[in-house]
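Remarks on the structure that follows.
Chain letters run A, B, ... following the sequence lines, proteins first and then strands; every chain starts at 1.
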Amino acid sequence: MPELPEVETVKSTLQERLPGLTICGVDLYLPKIIQTPSPEEFCRQVAGKTFLDVGRRGKYLLISLSRGLMLVVHLRMTGQLVYTVTDESRSKYTHLIFHLNNGHQLRFADMRQFGRFWLVPEADIQAVKGMKSLGVEPLGSEFTLNFLEKELKTRRTRLKPLLLDQTFIAGLGNIYVDEALHRAGLHPLRPANTLNPREVGALFRAIREVLEEGIAGRGTSVRDYVDGTGQAGTFQEKLRVYRRSGRPCIQCGKPIERLRIGGRSAYFCPGCQR
DNA sequence: AGTCAAACCTGGGCGC
DNA sequence: TGCGCCCAGGTTTGAC
């Protein structure tokens, strides 16, 4: 499910609600989702802490708690972190419930059970698996045309797997990579070091544009994704290639095709993307 | 360095 | 209805 725009939307919806609330109890139904510390320690340490701030790095949610603790959450494919106002009955996919001191709850549900939690001292955040090696934030100031040009020049790998590589750019996933490549007119199999300056520019702008529009649309809900209030996004209505095989390209009319690249689907237009 | 397959899980959709 | 197959927004690991 969640790529950068979805995690960003969860972040902002939770940021509007959690800060100032205190965790008065935890129900953990699926201990394996807790990566560190032990499930028992996790529940013990988190109890009594107050939510201070909700942030994001790549596809990780960074939730700072009182006493210098950081709760790190990765939603992976089907994870949902939802502030639940009513005392709804628990679905079989709800694996963790934080009880809040205003009578409401923060629930984590995940059909495929891939999502993970870490609780670490704020200073030790680099100890979270994958965090230290994360690449640049594509909407941040380190991601520049100059950076992209330089990096592409030194790599021979194909564009699709490269853009999915979180140690290169943090936050892109299958949907937004395919959409960005289509907007840039670039074939997913193009070797990175074969792009001319005009193409690098097009890719740079397409990446930023598609992520910004995704955030403006409050994320893409293909199936499971909902934000921190349980609401679906709208960007699925704007997709030009993702999961549209056989349907006409909105730019040239040719049917969208699907390729298998490195075990992932790649949707693209054979007319527009070279 | 790059490429691939498999693993972690559950469920939806399709053909027969 | 049921079976078997392929697919799924992510990431890690290990092999070549």
Side-chain angles (χ1 to χ4, degrees), chain A residues 1-10 29-36 56-61 72-81 91-96 108-118 127-135 151-181 188-194 210-211 214-215 217-227 232-246 256-267:
Chain A
M1 119 191 184
E3 306 179 25
L4 189 151
E6 289 73 39
V7 180
E8 180 65 25
T9 305
V10 173
Y29 303 94
L30 190 67
K32 72 169 179 186
I33 64 173
I34 309 299
Q35 288 291 103
T36 191
R56 180 192 62 73
R57 174 81 172 96
K59 299 173 191 171
Y60 294 83
L61 280 166
V72 181
V73 185
H74 198 303
L75 301 171
R76 294 283 178 92
M77 301 275 267
T78 52
Q80 304 174 332
L81 197 59
S91 88
K92 66 174 183 174
Y93 304 124
T94 301
H95 306 312
L96 178 62
F108 174 70
D110 188 356
M111 186 182 75
R112 291 178 72 180
Q113 306 179 11
F114 291 161
R116 291 294 181 263
F117 285 67
W118 296 258
V128 171
K129 184 174 275 181
M131 186 73 68
K132 196 161 40 182
S133 55
L134 273 187
E151 290 294 322
L152 291 182
K153 217 178 292 176
T154 68
R155 301 179 193 241
R156 257 159 301 183
T157 190
R158 302 162 297 182
L159 287 177
K160 169 85 184 194
L162 177 60
L163 295 177
L164 284 174
D165 181 353
Q166 301 301 298
T167 69
F168 178 44
I169 298 174
L172 290 172
N174 219 26
I175 297 177
Y176 294 95
V177 167
D178 283 0
E179 293 298 313
L181 288 174
L189 290 176
R190 270 287 288 281
N193 60 0
T194 65
V210 81
L211 292 175
I215 292 170
R218 310 184 62 77
T220 302
S221 292
V222 171
R223 174 168 289 167
D224 304 293
Y225 167 71
V226 292
D227 67 19
T234 67
F235 196 67
Q236 62 278 8
E237 298 158 17
K238 307 273 177 55
L239 298 178
R240 302 182 187 177
V241 287
Y242 182 73
R243 280 206 181 176
R244 294 190 71 248
S245 346
I256 301 301
E257 290 180 13
R258 184 171 76 93
L259 271 178
R260 199 103 186 138
I261 308 173
R264 310 293 305 276
S265 285
Y267 298 89

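- Residues Y176(A) and L163(A) form no side-chain contact, since every pair of their non-hydrogen atoms from C-beta on lies 4.5 Å or further apart.
- Listed for the K59(A) side chain is a donor-acceptor partner under 3.5 Å among the backbone atoms of L172(A).
- Protein atom CD of Q80(A) is 20 Å distant from nucleotide atom P of dA8(C), rounded to whole Å.
- With centres under 5.5 Å and a plane angle under 30° as the test, the ring of Y225(A) is not stacked against the base of dG9(C).
- In this structure, L61(A) places its CG atom 15 Å from P of dG10(C), rounding to the nearest Å.
- R243(A) contributes no side-chain N or O that forms a donor-acceptor pair with the base of dA8(C) under 3.5 Å.
- A donor-acceptor contact shorter than 3.5 Å links the side chain of R116(A) to the backbone of Q113(A).
- Closest to the side chain of K129(A), from the set dA8(C), dT13(C), dG9(C), is dT13(C).
- Looking at D110(A), its side chain does come within 3.5 Å of a backbone N or O of F114(A) through a donor-acceptor pair.
- Judged by closest nucleotide on DNA chain B, G263(A) is the one of K92(A) and G263(A) placed further toward the 5' end.
- Using a 4.0 Å heavy-atom distance criterion, Y267(A) is classed as a sugar-phosphate-only contact.
- Under the 3.5 Å distance criterion, the side-chain polar atoms of H95(A) are matched with a main-chain donor or acceptor of Y93(A).
- When the P atom is compared between dA5(B) and dC6(C), the two are found 13 Å apart, to the nearest whole Å.
- dC7(C) and dA6(B) are spaced 13 Å apart, taking the P atom of each and rounding to whole Å.
- Two residues are said to be in side-chain contact when any heavy atoms from C-beta on lie closer than 4.5 Å; T220(A) and E6(A) meet this criterion.
- Put simply, CG on D110(A) is 18 Å from P on dA8(C), counting in whole angstrom units.
- In this structure, Y242(A) atom OH and dG10(C) atom C1' are separated by 11 Å, rounded to whole Å.
- If R223(A) and R156(A) are placed on DNA chain B by their nearest nucleotide, the residue sitting closer to the 5' end is R156(A).
- Here the closest heavy-atom approach between residue S265(A) and residue K160(A) is recorded as O-NZ, 3.1 Å.
- Here dT12(C) presents its C1' atom at 11 Å from CD of Q35(A), a figure rounded to the nearest Å.
- Secondary-structure stems of DNA chain B, taken as three or more successive Watson-Crick or G-U wobble pairs (i with j, i+1 with j-1) under a 3.5 Å distance threshold, comprise B:2-8 with C:10-16, B:10-16 with C:2-8.
- Counting any heavy atom pair closer than 4.0 Å across all strands shown, R116(A) reaches no nucleic acid atom.
- Distance from the side chain of I175(A) is smallest to dG9(C) among dT11(C), dG9(C), dA8(C).
- In 5' to 3' order, the nucleotides of DNA chain B bounding all contacts with chain A (an atom under 4.0 Å from a heavy atom) are dG2(B) to dG12(B).
- Remark: the backbone N or O of R260(A) is not paired with any side-chain donor or acceptor of R258(A) at under 3.5 angstrom.
- Dashed line: the shortest gap from a side-chain N or O of H74(A) to OP1 or OP2 of dG10(C) is not under 4.0 Å.
- Looking only at distances, no side-chain donor or acceptor of E257(A) sits under 3.5 Å from a matching main-chain atom of S245(A).
- Contact annotation: K59(A) side-chain N/O to dG9(C) OP1/OP2 distance is not under 4.0 Å.
- If you take CD of Q236(A) and C1' of dG9(C), they are 12 Å apart, rounded to a whole angstrom.
- The CZ-C1' distance, from R264(A) to dG9(C), rounds to 8 Å in whole Å.
- Atom name P, nucleotides dT13(C) and dC9(B): the rounded distance is 15 Å, in whole Å.
- Annotation: side chain of L96(A) is in contact with side chain of F117(A) (closest heavy-atom distance under 4.5 Å).
- Among the protein residues, G130(A) comes within range of the sugar-phosphate backbone only, with heavy atoms under 4.0 Å from sugar or phosphate atoms but none that close to a base.
- Ring pair Y242(A)/Y267(A) is perpendicular by interplanar angle, where above 60° counts as perpendicular and below 30° as parallel.
- Distance L164(A) CG to dT11(C) C1': 11 Å, rounded to the nearest Å.
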